[in-house]
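To start, the structure under review is shown below, and the notes come after it.
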Amino acid sequence: MEELKYIEFDKFLNNELTETEKTAFEERLNSDADLKQEFEIYKALETSLASKFENEETEKELRNTLTHLGSKYINDKTETETKTKVISLFNYKKLLVAASIALLIGFLIFKNGNPVYSDFSKHNSLELVVRGDNNEAITKAEEAFNTKNYKTAFVQLTILEEQLPNDIEIQLYKGICLIEMDQFSQAETIFNSISKGNSAFKYKATWYKALNLLKQENFEACKEVLKTIPESAEEFEQAKKLLKRL
Amino acid sequence: MNQKPHADHIYIEALLKNDSRVLSQLYEKFSHKIVTYVRNNNGNADDAQDIIQETLVTIYHQAKEKNFVLTCPFDAYFYLLCKRRWLNELKKRGTNRVTILEDEASIKDEHEQQVEETEIFEQQNQLFESKFKELGAKCQELLKATFKIKSMEEVAEFLGVTYGYARKKKSQCMGKLTQLVKDSNEFQQLKRY
């Protein structure tokens, strides 16, 4: 019975009753105060909720405007209390900026404390032509190496090595290609044998042995190798520089 | 009853249109007095900002739903609304040692009538809202969908039920809400309207 009453309210408000049903309903409302009260509440709820939910979005937008204007006109309307608040917040922000700059600098210094291989890996270009043996493998090896195409360079240098088995420079450059290709142990073997010898490339090989360790981030071992480079060597300045940063 | 809008009705229209230019004039002209009042009565600038904002949102809803027409100067009407709202807030907070500083500004009867209209509108809305929250989750969801989507066919589809069921459920939920409102103490106090 109760249920039917509300269905009737709903239909009446939706204009879904026939003329006779409508007249009958209105007559009942006028004779039954209790029913009338309930209907009035039902109707008021309907308009109120409809308006509330329909306008939810625009209310939010209005609130945004009001919040903005409120802080502009009210909190700026200087009371000493709010003023100091604003200032201290400003200082706080400044402090934050300073702190983050300090942090950034610290980070950079810290980064500087860990030198990376690429900072020191400026290889001299490969120039084997001076040997006069102007063959195809030499041109290809030079071209590849000088354009940082280390894989191809390594292949060409291996071909050359067969023709010139005692050429230490070719071996050294093979080693450099190996570092670039992250073949650390093979590279190390080459640099070890050259640095133990007495060729003109002795200390260059030692330097590259150190770089090989640097690229693997083996800083302690790298340091030890660098220390074996004497002052007289061409590589000494570079080694000193790198040692400072380790 | 004279329903001729006062010139200050522009502020009501600005609320409806979210017109920030006119609303910023409103803040510039009227907020200072309210901030001073709140500060002199145990409040701070933030309290005043909240009071002003909530009052304006209420007026906005009243204008939207009831086509509220301002027939008196906005200044007096708004000031009295904010003042009373702040006193209510203090009561809620249980601030005992309130020393209400009354000011000379007397208000004419016709102004008072508009203020009361707005206050009753708000009280009724608050009552409806709190009773709505007492409904079960299913009813709340259905009614929300009903009023947002409007077409009951779409509501039924949205909720995955038949149209007939959605209609029946809607009037059931509304009926329950009607009962909750009718039986509440607050309603007995509002009854005269």
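Keep in mind the model is a prediction, meaning the values are calculated, not measured. Both backbone and side-chain heavy atoms feed into the values below; hydrogens, waters and symmetry mates do not.
- Listed by sequence position, B:Lys144, B:Phe147, B:Lys148 are the residues of residues 135-149 of chain B in contact with chain A, using a 4.5 angstrom heavy-atom cutoff.
- From A:Ile74, atom CD1 reaches atom CD1 of B:Ile34 across 8.0 Å, with rounding to the nearest 0.5 Å.
- Heavy atoms of A:Phe9 lying under 4.5 Å from chain B are absent altogether.
- Using a 4.5 Å cut-off between non-hydrogen atoms, no part of residues 207-224 of chain A approaches chain B.
- The stretch residues 43-52 of chain A places A:Ala44, A:Leu45, A:Glu46, A:Thr47, A:Ser48, A:Leu49, A:Ala50, A:Ser51, A:Lys52 near chain B, each with some heavy atom under 4.5 Å from a heavy atom of that chain.
- A heavy-atom distance below 4.5 Å is not found between the side chains of B:His61 and A:Leu62.
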Could you please spell out the steps behind the side chain to side chain donor-acceptor pair (under 3.5 Å) verdict for A:Thr58 and B:Tyr60?
-> CA-CA 10 Å; A:Thr58 44; B:Tyr60 158 80; 2.7 Å; yes

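- No more than 12 heavy-atom neighbours from other residues, nucleotides or ligands sit within 6.0 angstrom of OH on B:Tyr165.
- At a heavy-atom separation below 4.5 angstrom, chain B is approached by A:Asn14, A:Glu16 within residues 13-28 of chain A.
- Chosen from B:Leu23, B:Val181, B:Val57, the residue pairing most often with chain A at heavy-atom distances under 4.5 Å is B:Val57.
- Interface residue B:Leu15: backbone and side-chain heavy atoms are both found under 4.5 Å from chain A.
- For B:Phe121, no part lies under 4.5 angstrom from a heavy atom of chain A.
- Residues A:Glu40 and B:Lys182 are not in side-chain contact: their nearest non-hydrogen atoms beyond the backbone lie 4.5 Å or more apart.
- For the set B:Gln172, B:Lys168, B:Gln179, B:Glu65, the entry with the most heavy-atom pairs within less than 4.5 Å of chain A is B:Glu65.
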In sequence, state the C-alpha distance, the side-chain angles, and the governing distance for A:Glu3 and B:Lys169, and then conclude on salt bridge (charged side-chain N to carboxylate O under 4.0 Å, His left out).
-> CA-CA 10 Å; A:Glu3 211 173 278; B:Lys169 265 285 165 206; over 6 Å; no

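- B:Gln53 contributes atom CD, which lies 4.0 Å from atom OG1 of A:Thr67 (distance to the nearest 0.5 angstrom).
- In the displayed structure, A:Lys11 atom NZ is contacted under 6.0 Å by at most 12 heavy atoms of other residues, nucleotides or ligands.
- When the shell of 6.0 Å around CD of B:Glu134 is examined, it contains more than 12 heavy atoms from other residues, nucleotides or ligands.
- The parts of B:Leu177 that come within reach of chain A are both its backbone and its side chain, each placing non-hydrogen atoms under 4.5 angstrom from that chain.
- The two residues A:Tyr73 and B:Ser31 have their closest heavy-atom pair at CB-OG, 4.4 Å.
- Distance OG/B:Ser24 to CG/A:Leu69: 6.0 Å, rounded to 0.5 Å.
- In this structure, B:Phe158 places its CZ atom where only 12 or fewer heavy-atom neighbours from other residues, nucleotides or ligands lie under 6.0 Å away.
- Looking only at side-chain heavy atoms (C-beta outward), A:Asp10 and B:Met174 stay at 4.5 Å or farther from each other.
- Using a 4.5 Å cut-off between heavy atoms, B:Glu54 contacts chain A through its side chain alone, with no backbone atom that close.
- By the 6.0 Å contact criterion, CD on B:Glu157 is open, its count of non-hydrogen atoms from other residues, nucleotides or ligands being 12 or less.
- Looking only at heavy-atom pairs under 4.5 Å with chain A, the residue among B:Lys131, B:Lys66, B:Lys170 that has the most is B:Lys170.
- To the nearest 0.5 Å, atoms CG (A:Leu66) and OG (B:Ser20) are separated by 10.0 Å.
- Ranking B:Lys17, B:Lys176, B:Arg167 against chain A, the residue ahead of the rest is B:Arg167, based on heavy-atom pairs under 4.5 Å.
- Interface check for chain B: of the options A:Glu61, A:Glu54, A:Arg63, A:Glu8, the most heavy-atom pairs under 4.5 Å are formed by A:Arg63.
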